[in-house]
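Only one structure is covered here, and it is reproduced in the block below.
Only heavy atoms go into these numbers, but all of them, side chains included; no hydrogens, no water, no symmetry mates.
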Amino acid sequence: MALTAQITAFVQRVVDAMGVSLSAKAEETPDGTRINLEGEDGGVFVRNGGEGLQALQHIVATAFRRQLGDDNRIVIDCNNFRRDKDAELKQMARLLAEKARSSGMPQEMGPLNPYERRIVHLAVAEDPTVTSESIGDAFMKTVIISTKR
Amino acid sequence: MSANPSTPLGAGPLRAVVEVVARGLVDHPDAVVVTESERRGSTVLELRTAPGDMGKIIGRQGRTAAALRTLLQVTADKHGKRASLDIRD
């Protein structure tokens with residue numbers, strides 16, 4: 001896909017400009033396109049809970065918003081940091097869904113950013129007996145996981 | 001790579017990252033100008049764009065500008081420098 005190549009090239013230009021030694025590799029996953037930055041300088045993006053990675057993610061999503069449209073998602077990763085964190089988040093969501101179901105008590109998760117909430121909602125939706133909703137009106141929201149009535 | 005207008009030859013990483021990111025965000029990349037100066041041991045970057053492109057740099061609730069500043073900070077840390085960004089309109 002030409003767009004993926006274009007985005008990968010842009011990400012590479014940004015990291016080259018930053019003077020860090022990382023190389024952008026694109027792959028297609030069931031959740032969309034993922035561009036992973038590989039190399040020894042990964043720390044610059046992963047540090048402080050991955051704030052550099054989040055910033056780059058926002059820049060890329062904004063720069064290519066028109067071409068990506070509503071349905072195409074692109075995830076920027078660095079030495080698989082994001083992928084591992086997402087897997088943890090998914091596991092936690094499933095665990096809390098299980099807890100909500102067995103105890104009947106709503107479970108709280110967060111505060112989470114929109115990207116994280118999407119992962120949680122999708123993980124919870126795999127189980128038809130539980131449901132999830134976001135609470136709050138700020139950028140970061142808490143997700144409540146509870147049994148369906 | 002030298003033919004690529006968005007990776008300025010000879011520019012330091014601080015200026016380069018602001019230029020490359022800004023040019024990726026705007027409708028008129030050729031109008032993006034970044035100047036660099038030193039003030040009390042810290043590098044000050046000044047970013048100017050075509051008038052209609054300023055909103056694209058700032059973003060909703062300033063989130064894009066915040067992301068650009070984060071990338072600049074991360075770059076400065078990596079190179080043992082201090083930097084700040086002035087967005088001029």
Are A:Phe81 and A:Ile59 co-members of a hydrophobic cluster defined by side-chain heavy atoms under 4.5 Å apart? yes
Work out which heavy atom in A:Ala63 is nearest to a heavy atom in B:Leu25; give both atom names and the distance. N-CD2, 3.9 Å
Just do the side-chain contact (heavy atoms from CB on, under 4.5 Å) check on A:Phe45 and B:Leu71 with the steps written out, would you? CA-CA 9 Å; A:Phe45 283 109; B:Leu71 286 186; 3.9 Å; yes
A:Met105 atom CE: more than 12 heavy-atom contacts under 6.0 Å: no
I need the minimum non-hydrogen distance between B:Ala67 and A:Ala55, along with the two atoms involved. O-CB, 3.5 Å
Which pair of non-hydrogen atoms, one from B:Val20 and one from A:Ala17, has the smallest distance, and what is that distance? CG2-CB, 3.8 Å
Rounded to the nearest 0.5 Å, what separation is found between the CG atom of A:Asn48 and the CG atom of B:Asp77? 8.5 Å
Working to the nearest 0.5 Å, report the span between NZ of B:Lys56 and CZ of A:Arg65. 10.5 Å
Atom pair CZ/CZ of B:Arg23 and A:Phe10 - distance to nearest 0.5 Å: 11.5 Å
Region of A:Asp41 in contact with chain B, defined by heavy-atom distances below 4.5 Å: side chain
Treat each ILVMFWY residue as a node, draw an edge where side-chain heavy atoms are under 4.5 Å apart, and state whether A:Val130 and A:Ile144 are in one component. no
Check for me, please, whether A:Leu95 and A:Val124 land in the same ILVMFWY cluster - side-chain distances under 4.5 Å, paths through other members count. yes
Identify whether B:Val44 and B:Leu72 are in the same connected component of the hydrophobic contact network (ILVMFWY, side-chain heavy atoms under 4.5 Å). no
With no hydrogens and no angle check, is any side-chain donor or acceptor of A:His58 less than 3.5 Å from a backbone partner on B:Leu68? no
Need one label for A:Phe139: side chain, backbone, both or neither, based on atoms under 4.5 Å from any heavy atom in chain B. side chain
Counting only heavy atoms not in A:Lys141, do more than 12 fall under 6.0 Å of its NZ? yes
Over 12 non-hydrogen atoms of neighbours within 6.0 angstrom of CD in B:Gln61: no
Using 0.5 Å steps for rounding, measure from the CD atom of A:Glu51 to the CD atom of B:Gln73. 9.0 Å
Against chain A, label B:Arg63 side chain, backbone, both or neither, depending on which of its atoms sit under 4.5 Å from a heavy atom there. both
Taking everything shown except A:Gln67 itself, do over 12 heavy atoms lie less than 6.0 Å from its CD? yes
